[in-house]
Amino acid sequence: MAMPAILIIAIVLIVIYIWSSCLWGYKEKEEGLTADESKCFDPSCRSIIIKQDSDKAVLMIHGFPTTPNMYRYAADRMKSEGYDVYAPLIPSFGTDWNDFTKTNFSSWYKWIEDYYKSLEGKYKEVYVIGISMGGAMTLKIAEHNNPSAIAVIAAPVVYNSFFRDRIVTSWSGYLGRIIGIFTPAIKPHIVTSRPESNDGNEDWKGYGGTFPRQGVSLMHGLKAIRRDLGKINSPMISIHDTGDKTVPFANQGIIKKETHTKSEFIVTTMDEKYRHTHHTLLQYHSIQAELMDRIISFFSNNRSAVL
């Protein structure tokens, strides 16, 4: 007996949906990236490098799809504490969104891990700070290397995980792989400021719009990061705001449950009067000093773990 056409269509749609949401068979090629900061759309997007002949360094990893500009205050604080500071611009960020659409998470991570290893060969101590995607990359670096200590701020380890964790960052993310077949970007544009915002977030710089292929690449990358959380041995401080509108706060709970290293977990609850997403916490004037105090103290108190 022939299967009804409507049932066949339903099965096909279900298979396509699962293919997109579960990323069945997803693979990506790791491309070598070359930094060219002469292409930056604004000088403030460029890497922040501060060298003062120290024997300790801190690597600061920016998020998706932003730039090291978020670390202006944090970089100055770490400098005042005697660290050499490296907040590099990952290639394809902060330059041309057309270039960005041709890259992926594997390539970004390979570039930043190589950067970390270059510092590891020069310094007695190397610390890592990461915000958002940069926080996820920081976790991955610690899974495969041994930084002196790490700080992760608003770090995602899952994107959409409704059945396992009751976390949905964006329902449209389930369709990202399908959307990416038809378009590399939706309403892409360069953001040089956010005048409608406040608390320091008005200085945010990066790409606006939606990049479905890069979003899928990030989602795929997070799977391996979560799987290997138990491999982290470096001391870790994790910070997340309960009202984060970009990366659900529940991600910190997963990190807390699935890592087993010496850790400190800080939970903030920012006032809704601030017109931002409560996400890039080290950029916000109202809270950045307090959080940097905690990070600096944690790094200092855990030096003995690696010396």
Side-chain angles (χ1 to χ4, degrees), residues 28-40 43-72 74-79 83-96 99-100 102-153 155-156 205-207 214 217-218 221-222 224-225 228 231-234 236 280 282 295 299 306:
E28 62 186 22
K29 188 176 181 181
E30 183 183 285
E31 303 284 355
L33 300 178
T34 303
D36 183 2
E37 298 192 12
S38 68
K39 296 174 63 178
C40 286
S44 64
C45 295
R46 294 172 183 164
S47 300
I48 302 171
I49 309 295
I50 305 172
K51 298 180 182 180
Q52 48 189 358
D53 296 322
S54 178
D55 64 351
K56 59 183 179 180
V58 58
L59 171 63
M60 299 178 172
I61 309 175
H62 65 75
F64 174 108
T66 185
T67 68
N69 187 59
M70 61 169 54
Y71 286 118
R72 293 287 166 188
D76 285 341
R77 285 294 307 275
M78 297 306 288
K79 173 189 175 183
Y83 291 79
D84 281 3
V85 179
Y86 297 85
L89 177 67
I90 299 172
S92 79
F93 290 76
T95 53
D96 185 336
D99 293 340
F100 182 68
K102 301 169 187 174
T103 60
N104 57 46
F105 180 82
S106 295
S107 300
W108 307 331
Y109 176 74
K110 176 63 166 58
W111 189 89
I112 202 68
E113 185 182 42
D114 286 347
Y115 198 104
Y116 166 81
K117 289 180 177 179
S118 73
L119 298 179
E120 195 175 43
K122 299 175 184 176
Y123 291 90
K124 184 177 180 181
E125 304 168 45
V126 181
Y127 300 80
V128 187
I129 299 174
I131 297 175
S132 194
M133 179 194 75
M137 288 181 164
T138 299
L139 292 170
K140 190 173 179 71
I141 285 175
E143 290 169 355
H144 300 282
N145 302 275
N146 191 33
S148 303
I150 62 173
V152 294
I153 297 92
K205 291 177 172 61
Y207 301 134
Q214 284 61 50
S217 178
L218 174 57
L222 293 180
I225 292 172
D228 293 337
K231 295 181 179 180
I232 296 174
N233 294 314
S234 300
M236 175 183 65
T280 57
L282 297 188
I295 291 171
F299 284 178
V306 294

Legend entry - K79 NZ: over 12 foreign heavy atoms closer than 6.0 Å: no
Inset, instruction - Using the ring of Y109 (Phe, Tyr or Trp, six-membered ring only), decide whether K140 places NZ or CZ under 6.0 Å from its centre and within 45 degrees of its axis. - result: yes
Inset, instruction - May I ask you to test the T138-I141 pair for a side-chain heavy-atom distance under 4.5 Å? - result: no
Inset, instruction - Answer whether the closest heavy-atom distance between the side chains of T66 and M70 falls below 4.5 Å. - result: yes
Legend entry - Shortest non-hydrogen separation from S234 to A149 and the atoms involved: CB-CA, 4.4 Å
Inset, instruction - Identify the heavy atoms of L89 and C40 that sit nearest to each other, and give their distance. - result: CD2-SG, 3.4 Å
Legend entry - Under 3.5 Å donor-acceptor, D228 side chain and K231 backbone: no
Legend entry - Shortest non-hydrogen contact between K29 and N104, atoms and distance: O-ND2, 2.8 Å
Inset, instruction - State, with a plain yes or no, whether a side-chain heavy atom of P88 is found less than 4.5 Å away from one of L59. - result: yes
Legend entry - Closest non-hydrogen atom pair, I90 against W111: CA-CZ3, 4.0 Å
Legend entry - Beyond-backbone contact of D84 with Y123, side-chain heavy atoms, under 4.5 angstrom: yes
Inset, instruction - Mind listing the closest non-hydrogen atom pair of P91 and W108 along with its distance? - result: O-CD1, 4.3 Å
Legend entry - E28 side chain to S217 backbone, donor-acceptor under 3.5 Å: no
Inset, instruction - Would you name the heavy atoms of V152 and G135 that are closest together and state the gap between them? - result: CG1-O, 3.5 Å
Inset, instruction - Let me see the working for S38 and D36 under side chain to side chain donor-acceptor pair (under 3.5 Å), right down to the final yes or no. - result: CA-CA 5 Å; S38 68; D36 183 2; 2.5 Å; yes
Inset, instruction - Answer yes or no: is there a side-chain heavy-atom contact under 4.5 Å between I153 and I129? - result: yes
Legend entry - Donor on one side chain, acceptor on other, N145 and E113, under 3.5 Å: yes
Legend entry - Pair K110 + D114, salt bridge at N-O below 4.0 Å: yes
Inset, instruction - Indicate yes or no for a side-chain donor-acceptor contact from R72 to the backbone of S44 under 3.5 Å, with no hydrogens or angles considered. - result: yes
Legend entry - Donor-acceptor contact present, side-chain Y207 to main-chain D96, <3.5 Å: yes
Inset, instruction - Could you tell me whether the side chain of Y83 reaches within less than 4.5 Å of the side chain of S54, counting heavy atoms only? - result: no
Legend entry - Full working for side-chain contact (heavy atoms from CB on, under 4.5 Å) between H62 and F93: CA-CA 10 Å; H62 65 75; F93 290 76; 3.6 Å; yes
Inset, instruction - Using modelled atom types only, decide if a donor and an acceptor are shared between the side chain of Y86 and the backbone of Y115 within a distance under 3.5 Å. - result: no
Inset, instruction - Check whether any side-chain N or O of T103 sits under 3.5 Å from a backbone N or O of F100 as a donor-acceptor pair, and report yes or no. - result: yes
Inset, instruction - To the nearest 0.5 angstrom, please state how far the OG atom of S107 sits from the NZ atom of K102. - result: 13.5 Å
